[in-house]
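Down below is the structure, laid out as structure tokens.
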Number of protein chains: 2
Amino acid sequence: MFVRKATNRMPGPYCLGDLGMTTGSNPIVSLNEFTYKKGTEIYREKEPAEYVYQVKTGAVRTYKLLTDGRRQIGAFHLVGDIFGLENGNEHRFTAEAVVKTALRLIKRQSLELVAESDPVVRRNLLSMTTSNLEHAENHMLLLGRKNALERVAAFLLEMDERVTAMGIIALPMGRLDIADYLGITLETVSRALSRLQQAGVLEFIGPNHRDIALRDRGRLASFDLPA
Amino acid sequence: MFVRKATNRMPGPYCLGDLGMTTGSNPIVSLNEFTYKKGTEIYREKEPAEYVYQVKTGAVRTYKLLTDGRRQIGAFHLVGDIFGLENGNEHRFTAEAVVKTALRLIKRQSLELVAESDPVVRRNLLSMTTSNLEHAENHMLLLGRKNALERVAAFLLEMDERVTAMGIIALPMGRLDIADYLGITLETVSRALSRLQQAGVLEFIGPNHRDIALRDRGRLASFDLPA
DNA sequence: GCGGGGCGTTGATGCAGATCAACGGAATAG
DNA sequence: CTATTCCGTTGATCTGCATCAACGCCCCGC
């Protein structure tokens with residue numbers, strides 16, 4: 001039931017680049033780039049946090065597991081997002097590529113060195129942590145108190161602000177990932193999406209039902225946070 | 001069903017003190033102390049964050065509400081805990097006194113002023129935010145993927161490390177607060193506690209069933225994170 | 001000290017979502 | 001191009017927790 005397929009580790013990173021997060025004239029920090037195949041592990045929970053990552057292409061999921069395989073995805077990281085930033089010394093989630101994904105790697109040590117002297121970088125680092133905290137706080141409300149339809153509606157609205165090109169949400173992740181993010185099952189996700197489609201709130205564009213056009217954002221929002 | 005009693009605001013704070021968080025010789029920051037009656041609001045979600053608070057006595061709950069009254073408590077703040085620290089300008093939770101509570105108030109502005117020049121304070125502030133994030137991340141796993149018994153077991157183990165005096169957990173909050181923290185109902189909390197009592201894992205000490213002695217922490221832990 | 005509301009518990013019942021199952025179409029490997 | 005596996009959907013059934021209800025004790029105010 002809760003069996004998960006083993007994921008392969010990828011070998012280490014290789015290339016160089018620059019730090020997208022800093023503003024204007026900042027010293028160069030040690031940078032690499034690397035590509036991960038779909039489903040491969042980027043780092044594992046409790047592993048020492050050596051790098052911070054930025055998504056160049058693709059998508060990443062970060063999650064925690066219970067001993068019997070139940071999984072809670074904490075966040076999806078899409079193009080441009082930075083993840084893997086820890087203030088402690090080890091990662092608190094496992095990170096995997098949802099699809100073929102290119103990452104920019106920043107050596108944590110070098111980043112901390114820059115932060116030491118640059119108040120702007122320091123501020124950005126803090127505001128990243130704060131954003132993560134805020135997201136987690138909102139997600140606690142969703143996981144603790146929203147019903148299935150509300151969760152899926154909230155998910156679509158979140159993705160609508162993040163993966164939309166020309167009004168179409170192109171979901172990189174499958175139903176199981178969505179389910180494990182929302183704390184429900186993949187069947188329940190599927191049923192909720194079907195209901196929203198039948199209600200005329202959304203439309204599936206492609207044949208694989210991962211491309212979604214929102215037809216009525218107002219009504220979708222009304223499925224979340226009900227009166 | 002989801003009706004909540006209105007909570008009264010208390011007037012502003014009055015007294016002075018010192019900053020418990022700083023290490024050793026630090027400049028004095030603007031400090032006040034104030035007492036809140038049981039159930040009174042300390043600040044409200046979306047309100048500008050003017051102060052940071054430290055619990056001197058009592059306990060505080062911070063929560064978010066849905067429009068129909070469903071409530072998710074994000075954290076309980078017990079003696080010594082600091083809460084209300086926001087990096088943005090407004091509070092993201094509502095805070096209420098669980099019982100009669102004495103708080104130390106620190107003007108946010110003065111704290112930021114100190115942080116500007118003092119790397120130690122800065123580090124402490126960051127590590128506080130990180131602790132909050134870590135707690136929220138663990139709580140997402142609980143809310144998304146654990147069953148009722150596992151949630152209550154996890155709650156007891158968390159409280160065991162925080163409110164224990166002489167091996168006895170003295171819970172300041174009622175069953176409804178626990179339920180809204182764990183994303184279940186108060187009846188389910190009560191039933192889980194009864195089950196744990198009958199299993200010999202815990203014992204109610206007083207007559208009001210808020211004082212609990214853990215008799216078998218190992219078995220309690222086995223109810224959480226099951227194999 | 002006494003009365004009453006609040007809180008915790010327990011039982012009966014209901015239901016949203018989990019689980020089990022089957023199917024069809026699409027992506028992928030060869 | 002074809003075979004195979006994966007993925008999303010839908011239906012049937014089950015179940016853990018929510019809901020509804022009742023009761024008794026404790027605690028608080030008077």
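Order of the sequence lines sets the chain letters (A, B, ...), proteins ahead of strands, with each chain counted from 1.
What separates CZ of A:Arg210 from C1' of D:dG8 is a distance of 9 Å, to the nearest Å. Atom P of nucleotide D:dC26 and atom CD1 of B:Ile205 are separated by 15 Å, given to the nearest angstrom. Rounded to whole Å, the distance from CE on B:Met173 to C1' on C:dG6 is 18 Å. One atom, CG of B:Leu182, and another, C1' of D:dG16, lie 16 Å apart when rounded to the nearest Å. D:dT9 atom C1' lies 14 Å from atom CD1 of A:Ile178, rounded to whole Å. Taking atom CG of B:Leu202 as the reference point, atom P of C:dT9 lies 10 Å away to the nearest angstrom. In this structure, CZ of A:Phe204 is placed 5 Å from P of D:dT9, rounded to the nearest angstrom. Taking atom CD of A:Glu187 as the reference point, atom P of D:dC14 lies 16 Å away to the nearest angstrom.
Listed nucleotides: D:dC17, D:dT9, C:dA18. Nearest to the side chain of B:Ala148: D:dC17. Nearest to the side chain of A:Lys38, among D:dC7, D:dC17, C:dG8, sits D:dC7. Side chain of B:Asn208, nearest nucleotide from C:dT9, D:dT10, D:dC26: D:dC26.
Side-chain N/O atoms of B:Thr188 include none lying less than 4.0 angstrom from OP1 or OP2 on D:dC17. At least one side-chain nitrogen or oxygen of B:Thr185 sits closer than 4.0 Å to the OP1 or OP2 atom of D:dA18. Of the side-chain N and O atoms in B:Arg191, none sit less than 4.0 angstrom from OP1 or OP2 of C:dT10. For A:His209 and D:dC7, the shortest distance from a side-chain N or O to OP1 or OP2 is not below 4.0 Å.
In this structure, A:Ser190 and A:Arg145 both approach DNA chain D, and ranking their closest nucleotides by distance from the 5' end singles out A:Ser190. Judged by closest nucleotide on DNA chain C, B:Gln197 is the one of B:Gln197 and A:Lys146 placed further toward the 5' end.
Heavy atoms of A:Ile184 sit under 4.0 angstrom from primed sugar atoms or phosphate atoms, though from no base atom.
Judged by the 6.0 Å distance and 45° axis criteria, B:Arg61 is not positioned over the aromatic ring of B:Phe76.
Between B:Asp224 and B:Arg151 there is no salt bridge, since none of the side-chain N atoms of the basic residue sits less than 4.0 Å from a carboxylate O of the acidic one.
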Going through the distances and angles, do A:Arg108 and A:Glu50 end up as a salt bridge (Lys or Arg N to Asp or Glu O under 4.0 Å)?
CA-CA 6 Å; A:Arg108 192 186 161 216; A:Glu50 202 182 345; over 6 Å; no
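Panel note: side chain B:Thr94, backbone B:Glu45; a donor-acceptor pair is recorded below 3.5 Å.
Residues A:Ser127 and A:Thr130 bring no donor and acceptor atom of their side chains to less than 3.5 Å of each other.
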